[in-house]
Amino acid sequence: MIDRMEHVAVLAPAALRDRALAWLHGAREIHLAAFASTPEEWQTRFQPVVEDSSACEAAIARLQSAQSLLNDYRTDKGDFLTGFFPVKIVAGLPEIAAAVKAVDPVWLSQECSRLRAVLESSSDRRNALLAERERLEEFAFLGELLPKMGKLKNFVVRFAIASGDAGALFLNDDRVSGEIGAILLKQDKNTKTFALVSLVAKAEVSSALMADYALREIVPPSAANGVDAEIARVNASLAEQAKEAEALKSEAARLALAWAKKCDLALSYYESERTRIQQSACSNQSRNLFTARGYVKAESLAAFKTKLEAGCPGAALTTCPAPEGEEPPVNLSWHDFFRPRGF
């Protein structure tokens, strides 16, 4: 009858390589398929494994980057893989493996990165417009006066906000009445807004006063047509930006609809591939370790393991999947009644 053969790996410290090989040959119970003995052989045998693992890692990184954008804009929030395609079996389903290989991680990552950059740029533009409008609104109370104040010849006009008691102390300073002029433009509950007017030659006095009383200077906008007109311009730009943002969100939603589930599936596939590669190579990644693989009769596996550990201390035996496409050797066992006899 034909015996069922089990694919096994024998592990031992590199220093025991010769002893382990001699014992294995002498045992006559294992069909040796391959073993690693020299650094050059290690490099030849396992460089493809390293390259496959690196390719999986690169694909996973790209798909995770794409997934971070697609998940933000996907309309389907269900977990597509949980009930149907657990990560552990994805790599073992040929039809799924073939489908996900059609997903190009490089293209998808680049497309998502491009779209993310455009979305961020649009968001930055909106934030800049909001900041500009906020700055303009600080001067909205001046109305049409601001352009005129900017045209004063031989004078420097600066605007500053005083908090708490600093405003009253500032106004009582002798330098305010003696060297510069201070005009209270606006007063709120806790703040006062001043216009500091000085001759060009006395500009440093304004700077010293603002430093002494911790006044916050606010820089007026270049509002040649008045503050209200500038605010209206900014609001119009914000409306345009909002339309642009909606168009970009729609583009991202379309991309997510087309690729989010495929990205999930491809990511699970490459994670499964990485796990498979790591498991197949976990015992072969150190030059301080001797490894051999081969086939042992399944019914003799336990006894062979016990003999190996007793006959070659420091060695270990483990079962593992055979390389894809490799045919196990044929081993025949004969009962006594059918055993061939010599004449």
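Keep in mind the model is a prediction, meaning the values are calculated, not measured.
We find the CD1-CD distance between Ile30 and Glu6 to be 11.5 Å, quoted to the nearest 0.5 Å. From Leu215, atom CG reaches atom NZ of Lys192 across 11.5 Å, with rounding to the nearest 0.5 Å. Rounded to the nearest 0.5 Å, atoms CZ (Arg175) and CG (Leu209) are 4.0 Å apart. Atoms CD1 and OG, from Ile60 and Ser65 in turn, are 13.5 Å apart once rounded to the nearest 0.5 Å. For the atom pair Leu108 CG and Leu267 CG, the distance stands at 10.5 Å (nearest 0.5 Å). Taking CD1 from Ile183 and CG from Leu171, the interatomic distance works out to 11.5 Å, rounded to the nearest 0.5 Å.
Counting only heavy atoms from C-beta outward, the side chains of Leu119 and Leu69 approach each other to under 4.5 Å. Gln110 is not listed as a side-chain neighbour of Arg62, based on a closest heavy-atom distance of 4.5 Å or more. Side-chain contact between Asn127 and Ser123 is present, with at least one heavy-atom pair separated by less than 4.5 Å. Using a 4.5 Å heavy-atom cutoff, the side chains of Ser207 and Arg158 are in contact. Here the side chains of Leu129 and Glu240 are not in contact, with every heavy-atom distance at 4.5 Å or above. Side-chain contact between Leu70 and Asp264: absent, with no pair of heavy atoms (C-beta onward) separated by less than 4.5 Å. Put simply, the side chain of Leu196 does not reach to within 4.5 Å of the side chain of Val205, judged on heavy atoms. At a threshold of 4.5 Å between non-hydrogen side-chain atoms, the residues Tyr73 and Leu255 do not count as touching.
Here the rule is salt bridge (charged side-chain N to carboxylate O under 4.0 Å, His left out) with Glu29, and of Lys307, Lys305, Lys297 only Lys307 fits it.
When all heavy atoms of Cys263 and Leu63 are compared, the closest pair comes out as SG-O, 3.6 Å. Contact between Ser68 and Asp72 at its shortest, heavy atoms only, is O-OD2, 3.1 Å. The shortest non-hydrogen separation linking Leu115 to Ala252 is CD2-CA, 3.4 Å. The shortest heavy-atom contact between Cys112 and Ala66 is SG-CB, 3.7 Å. Of all the heavy atoms in Ala203 and Ser198, the pair that sits closest is CA-OG, 3.8 Å. Minimum interatomic distance between Ala292 and Leu32 (heavy atoms only, all atoms of both residues): CB-CD2, 4.1 Å.
Sorted by first and then second residue, the ring-ring contact (aromatic ring centres under 6.0 Å, His included) pairs with a member in residues 182-216 read Phe170-Phe194; sequence neighbours excluded. Pairs engaging residues 193-210 under the salt bridge (Lys or Arg N to Asp or Glu O under 4.0 Å) rule: Glu179-Lys202 [sequence neighbours left out].
Listed by chain and number, the residues in a salt bridge (Lys or Arg N to Asp or Glu O under 4.0 Å) with Arg114 are Glu111, Glu251 (sequence neighbours excluded). Every residue two or more places apart in sequence or in another chain was checked for a salt bridge (Lys or Arg N to Asp or Glu O under 4.0 Å) with Arg19, and none qualifies. Shown here are the salt bridge (Lys or Arg N to Asp or Glu O under 4.0 Å) partners of Arg254, two or more places apart in sequence or in another chain: there are none. The salt bridge (Lys or Arg N to Asp or Glu O under 4.0 Å) check on Arg216 picks up Glu138, with sequence neighbours excluded.
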Check step by step if ring pair (Phe, Tyr, Trp, His ring centres under 6.0 Å) holds for Trp23 and Phe304. CA-CA 12 Å; Trp23 189 92; Phe304 179 74; 5.7 Å; yes
Start with the C-alpha distance between Arg125 and Ser237, add both sets of side-chain angles, then the distance that settles side-chain hydrogen bond (donor to acceptor under 3.5 Å, both in side chains), and finish with yes or no. CA-CA 10 Å; Arg125 181 167 174 255; Ser237 297; 4.9 Å; no
Arg4 vs Glu299, side chain to side chain contact (heavy atoms under 4.5 Å, CB included): CA-CA, chis, key distance, verdict: CA-CA 8 Å; Arg4 185 171 68 86; Glu299 64 179 23; over 6 Å; no
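Between Tyr295 and His7, the ring planes are perpendicular. Angles over 60° get that label, and only those under 30° would be called parallel.
For CG of Asp165, the number of neighbouring non-hydrogen atoms (other residues, nucleotides, ligands) closer than 6.0 Å is 12 at most.
Salt-bridge annotation for Arg233 and Glu230: present, with a side-chain N of the basic residue lying under 4.0 Å from a carboxylate O of the acidic one.
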